[in-house]
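In what follows, a single structure is set out as structure tokens and then discussed.
Note on naming: letters A, B, ... go to the chains in the order of the sequence lines (proteins, then strands), and numbering restarts at 1 for each one. Note that the structure is a prediction, hence the values are computed from the model and not measured. Every heavy atom of this structure was used, including side-chain atoms; hydrogens, water molecules and symmetry mates were not.
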There are 2 protein chains.
Amino acid sequence: MATQTAAQRREGARAAYDAYLAACPARELLDTISDKWVSLVLNALSDGPLRYSDLGRIIAGVSQKMLTQTLRGMERDGLVSRTVTPSVPVRVDYALTELGRDLQPLMRAIKAWAESHIEQVHSAREAYDTRA
Amino acid sequence: MATQTAAQRREGARAAYDAYLAACPARELLDTISDKWVSLVLNALSDGPLRYSDLGRIIAGVSQKMLTQTLRGMERDGLVSRTVTPSVPVRVDYALTELGRDLQPLMRAIKAWAESHIEQVHSAREAYDTRA
DNA sequence: CAGAATCCCGGAAGATACTG
DNA sequence: CAGTATCTTCCGGGATTCTG
């Protein structure tokens with residue numbers, strides 16, 4: 001009998017690949033910026049700092065949980081800064097860091113590509129869906 | 001009593017926002033290229049056409065289901081072409097379309113940004129994790 | 001060889017309620 | 001005001017099995 005089943009071999013390959021991918025910078029970046037809330041926060045803060053509640057209002061559909069979770073993650077990655085003003089009631093401001101601002105040209109490039117090619121994608125989809 | 005609860009209002013806002021986002025080209029693009037398997041297929045095909053089984057071997061950890069599903073989606077979006085050669089057994093080749101090749105410079109830009117800034121992200125994380 | 005169909009599980013995200 | 005804590009639901013993705 002085989003020392004390994006096909007499933008076992010694939011499992012091992014998958015584990016190795018996952019490890020490889022986790023260490024891939026491009027993957028890390030894509031995982032970050034493709035997050036719906038991350039990109040929205042990035043955009044909301046592009047005009048200047050905002051308070052927690054302002055962000056919640058501007059990004060209309062977000063739940064408190066996701067907003068907090070998103071901001072924590074972005075703070076951890078060094079994309080935003082969090083400033084607490086210990087007044088009563090408390091006031092917390094969020095702002096883009098230099099790294100966060102560095103990211104903006106790339107986001108604009110992505111947006112530009114999307115806008116200039118979206119028509120091709122849409123017509124390709126239509127062709128695909130109507131054929132057959 | 002209020003005509004709407006807070007939850008109902010948020011629900012409406014979320015629905016409207018989702019609709020808005022679904023129509024956002026940048027979001028569509030990000031949702032596409034941030035897919036793990038999409039980016040791997042894009043990369044695998046950059047050197048030329050490959051057969052289904054070759055893709056499965058090169059992208060070591062992928063399951064048949066995900067490979068097929070990914071390729072179908074990319075074909076629908078006009079990123080790859082699918083060519084069936086009705087021999088026995090069947091042979092199917094996948095290749096990048098012009099649109100798919102157009103995407104490569106952007107992918108390289110993302111990769112470049114990631115590689116030149118990943119250190120900052122990692123040290124930011126370390127600082128965040130080690131501080132209290 | 002290149003898929004299609006089916007079952008199933010873990011984890012992500014929302015709703016709700018509570019707090020310093 | 002700015003969160004935290006908990007519960008629950010939903011579905012993306014893997015394993016498995018079958019076929020033209």
Can you confirm whether the side chains of B:Thr83 and B:Arg91 place a donor and an acceptor under 3.5 Å from each other? no

To the nearest Å, give me how far apart CG (A:Leu71) and P (C:dA13) are. 14 Å

Find the distance A:Leu55:CG to D:dA2:C1' and express it as a whole number of Å. 12 Å

To the side chain of B:Tyr52, which of C:dA2, D:dA15, D:dG3 is closest? C:dA2

Closer to the 5' end of DNA chain C via nearest nucleotide, is it B:Tyr94 or A:Gln69? B:Tyr94

Indicate yes or no: does B:Arg51 engage B:Asp54 in a salt bridge with an N to O separation below 4.0 Å. no

Is the closest basic N to carboxylate O distance between A:Arg76 and B:Glu126 below 4.0 Å? no

Contact under 4.0 Å: A:Ser53 side-chain N or O vs D:dA2 OP1/OP2: yes

So, for B:Val38 and B:Ile33, which heavy atoms are closest and what is the spacing to 0.1 Å? CG1-CA, 4.4 Å

Would you sort out whether A:Leu71 and A:Arg82 count as a side-chain contact (heavy atoms from CB on, under 4.5 Å), showing the intermediate values? CA-CA 9 Å; A:Leu71 289 168; A:Arg82 179 174 180 270; over 6 Å; no

SB check B:Arg125 B:Asp129 (cutoff 4.0 Å): no

Roughly how many Å is it from CZ in A:Arg51 to C1' in D:dA2, rounded to a whole number? 10 Å

Crowded around B:Glu115 CD? As in, over 12 foreign heavy atoms under 6.0 Å? yes

When rounded to whole Å, the CD to C1' distance for the pair A:Gln64 and C:dA17 reads 11 Å

Close residues, residues 73-90 of chain B, relative to DNA chain C [heavy-atom separation under 4.0 Å]: B:Arg82, B:Pro89, B:Val90

Nucleotide C:dG3, atom P - distance to CG of B:Leu67 in whole Å: 8 Å

Atom pair distance, as rounded to whole Å: NZ in A:Lys65 and C1' in D:dT6: 9 Å

Between C:dA13 (P) and A:Trp37 (CH2): distance, integer Å: 10 Å

Spacing of A:Leu50 atom CG relative to D:dC1 atom C1', expressed in whole Å: 15 Å

